Amino acid sequence: MGGFHMKKALLINGSPHREGCTFTALAELQKALDGAGVAGDLLWLGTKPMQDCTSCGRCEATGLCVFGDQVNEVLDQLDDYGAIVAGSPVYYSGATGRLCSFLDRLFYAGGDRMAGKLGAAVVSCRRGGSTASFERLNQYFLISNMFVVGSQYWNQVHGFTPDDVRQDAEGLQTMRTLGVNMAWMLRSIEAGQKAGIPAPAYEEHVWTHFIG
């Protein structure tokens, strides 16, 4: 095996409802991953207040967030994950504040450790606002040298209740297709590593500040 092992997928449920509509979508995705031989860990962020990033800079020295909560738990296991899925219900055409605060700190503290991983956003809405939320969540991946996984449609489900979502045949199929694509990409990356294909080599980051 050459020391290589299949990376897992982290599925983050940013809804205050543990087994609501967002969970229903992520569970369908998880089943597709499982069927393709990829383990998926489902993380629910709960209902307690989520500390936002205070830009203290401590994580630059330690690699961990100064606030010891679920962010650090994920950072401790980050090398085990080859894919990160951010799931959220739609709040006023955006993701939940809890999820965004979590991701702000995770990605700020995680830094370059995100590079090369796969990313996908999953959103749940009653009727509208899904694509705006979808775009908001994808920005975390697109700025971090991650590879965004697509599906047959934008990764969204519709419904006011989990039972509604279970009737959204196209939405659930979109989740399954996302899982199939994600598993294939993880396996392709693993195969490339075994074949000796190196990860991308990046230039030293250039920071341009528009002042004056």
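The residues of the chain are indexed from 1 along the displayed sequence. Keep in mind that this is a model prediction, so the values were computed, not measured.
Within the structure, side-chain hydrogen bond (donor to acceptor under 3.5 Å, both in side chains) contacts touching residues 116-127 (residues at least two apart or in different chains) do not occur. The side-chain hydrogen bond (donor to acceptor under 3.5 Å, both in side chains) analysis of residues 176-186, with sequence neighbours excluded, yields the pairs Glu28-Arg176, Gln152-Thr177. Sorted by first then second residue, the ring-ring contact (aromatic ring centres under 6.0 Å, His included) pairs that include residues 96-117, not counting sequence neighbours, are Phe107-Tyr140.
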Apply side-chain contact (heavy atoms from CB on, under 4.5 Å) to residues Asp164 and Val157 and explain how you reach the verdict.
CA-CA 9 Å; Asp164 292 340; Val157 295; over 6 Å; no

Please assess Asp41 against Asp80 for the test side-chain contact (heavy atoms from CB on, under 4.5 Å), listing each intermediate value before the final yes or no.
CA-CA 11 Å; Asp41 292 344; Asp80 293 332; over 6 Å; no

Arg166 vs Asp163, salt bridge (charged side-chain N to carboxylate O under 4.0 Å, His left out): CA-CA, chis, key distance, verdict:
CA-CA 5 Å; Arg166 283 188 277 268; Asp163 283 338; 2.7 Å; yes

Can you check side-chain contact (heavy atoms from CB on, under 4.5 Å) on Leu10 and Leu43, steps first, answer last?
CA-CA 7 Å; Leu10 176 64; Leu43 172 66; 4.1 Å; yes

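Under a 3.5 Å cut-off, the side chain of Arg187 and the backbone N or O of Ala36 do form a donor-acceptor pair. Looking at Asp34, its side chain never comes within 3.5 Å of a backbone N or O of Lys31 through a donor-acceptor pair. The backbone N or O of Ser93 sits nowhere less than 3.5 Å from a side-chain atom of Arg136 that would complete a donor-acceptor pair.
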Do any side-chain atoms of residues 16-23 form donor-acceptor pairs under 3.5 angstrom with protein atoms, and if so which ones, sequence neighbours left out?
none

For residues 67-74, which side-chain N or O atoms pair as donor and acceptor with protein atoms under 3.5 Å away, sequence neighbours left out?
{"unit_1": "Asp69", "atom_1": "OD1", "unit_2": "Val71", "atom_2": "N", "d": "3.1"}
{"unit_1": "Asp69", "atom_1": "OD1", "unit_2": "Arg105", "atom_2": "NH1", "d": "3.4"}
{"unit_1": "Asp69", "atom_1": "OD1", "unit_2": "Arg105", "atom_2": "NH2", "d": "3.4"}
{"unit_1": "Asp69", "atom_1": "OD2", "unit_2": "Arg105", "atom_2": "NH2", "d": "2.6"}
{"unit_1": "Gln70", "atom_1": "NE2", "unit_2": "Trp44", "atom_2": "O", "d": "3.1"}
{"unit_1": "Asn72", "atom_1": "OD1", "unit_2": "Cys65", "atom_2": "N", "d": "2.8"}
{"unit_1": "Asn72", "atom_1": "ND2", "unit_2": "Cys65", "atom_2": "O", "d": "2.9"}

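Met146 is connected to Leu78 through a chain of hydrophobic side-chain contacts under 4.5 Å among Ile, Leu, Val, Met, Phe, Trp and Tyr, so both are in one cluster. Linking Ile, Leu, Val, Met, Phe, Trp and Tyr residues whenever their side-chain heavy atoms come within less than 4.5 Å leaves Val148 and Leu178 in two separate clusters. Taken together through direct or relayed side-chain contacts under 4.5 Å among Ile, Leu, Val, Met, Phe, Trp and Tyr, Tyr153 and Met175 form parts of separate hydrophobic clusters. A continuous path of ILVMFWY side-chain contacts below 4.5 Å connects Leu118 to Val122, so both sit in one hydrophobic cluster. Linking Ile, Leu, Val, Met, Phe, Trp and Tyr whenever their side-chain heavy atoms come within less than 4.5 Å leaves Val90 and Leu26 in two separate clusters.
Within the 4.5 Å cutoff, the side chain of Phe147 has no heavy atoms near those of the Val149 side chain. Taking 4.5 Å as the limit, every side-chain heavy atom of Phe134 sits out of range of all side-chain heavy atoms of Gln156. With a 4.5 Å cut-off on side-chain heavy atoms, Ile12 and Leu103 count as touching. With a 4.5 Å cut-off on side-chain heavy atoms, Leu11 and Leu33 count as touching. Side-chain contact between Leu75 and Leu106 is present, with heavy atoms from C-beta onward closer than 4.5 Å. Put simply, the side chain of Asn155 does not reach to within 4.5 Å of the side chain of Leu29, judged on heavy atoms. Annotation: side chain of Val38 is not in contact with side chain of Met182 (no heavy-atom distance under 4.5 Å). Side-chain contact check for Leu137 versus Ser88: some heavy-atom pair is nearer than 4.5 Å.
The two residues Met50 and Ser101 have their closest heavy-atom pair at CG-CB, 3.8 Å. Here the shortest heavy-atom pairing between Leu99 and Ala95 reads CD2-CB, 4.5 Å. Nearest approach of Ser151 to Thr174, heavy atoms of both residues: OG-O, 2.8 Å. Across all their heavy atoms, Gly116 and Ile189 have their closest contact at O-CD1, 4.1 Å. In plain terms, the two heavy atoms of Tyr202 and Ala115 that are nearest each other are CE1-CB, 4.3 Å.
Going from atom CG of Asp76 over to atom CG of Leu64 covers 6.0 Å, rounded to the nearest 0.5 Å. Taken to the nearest 0.5 Å, the OG1 atom of Thr62 stands 6.5 Å off from the CZ atom of Arg58.
Tyr92 OH: 12 or fewer foreign heavy atoms inside a 6.0 Å radius.
In this structure, the ring pair (Phe, Tyr, Trp, His ring centres under 6.0 Å) partners of His205, at least two apart in sequence or on a different chain, are Trp207.
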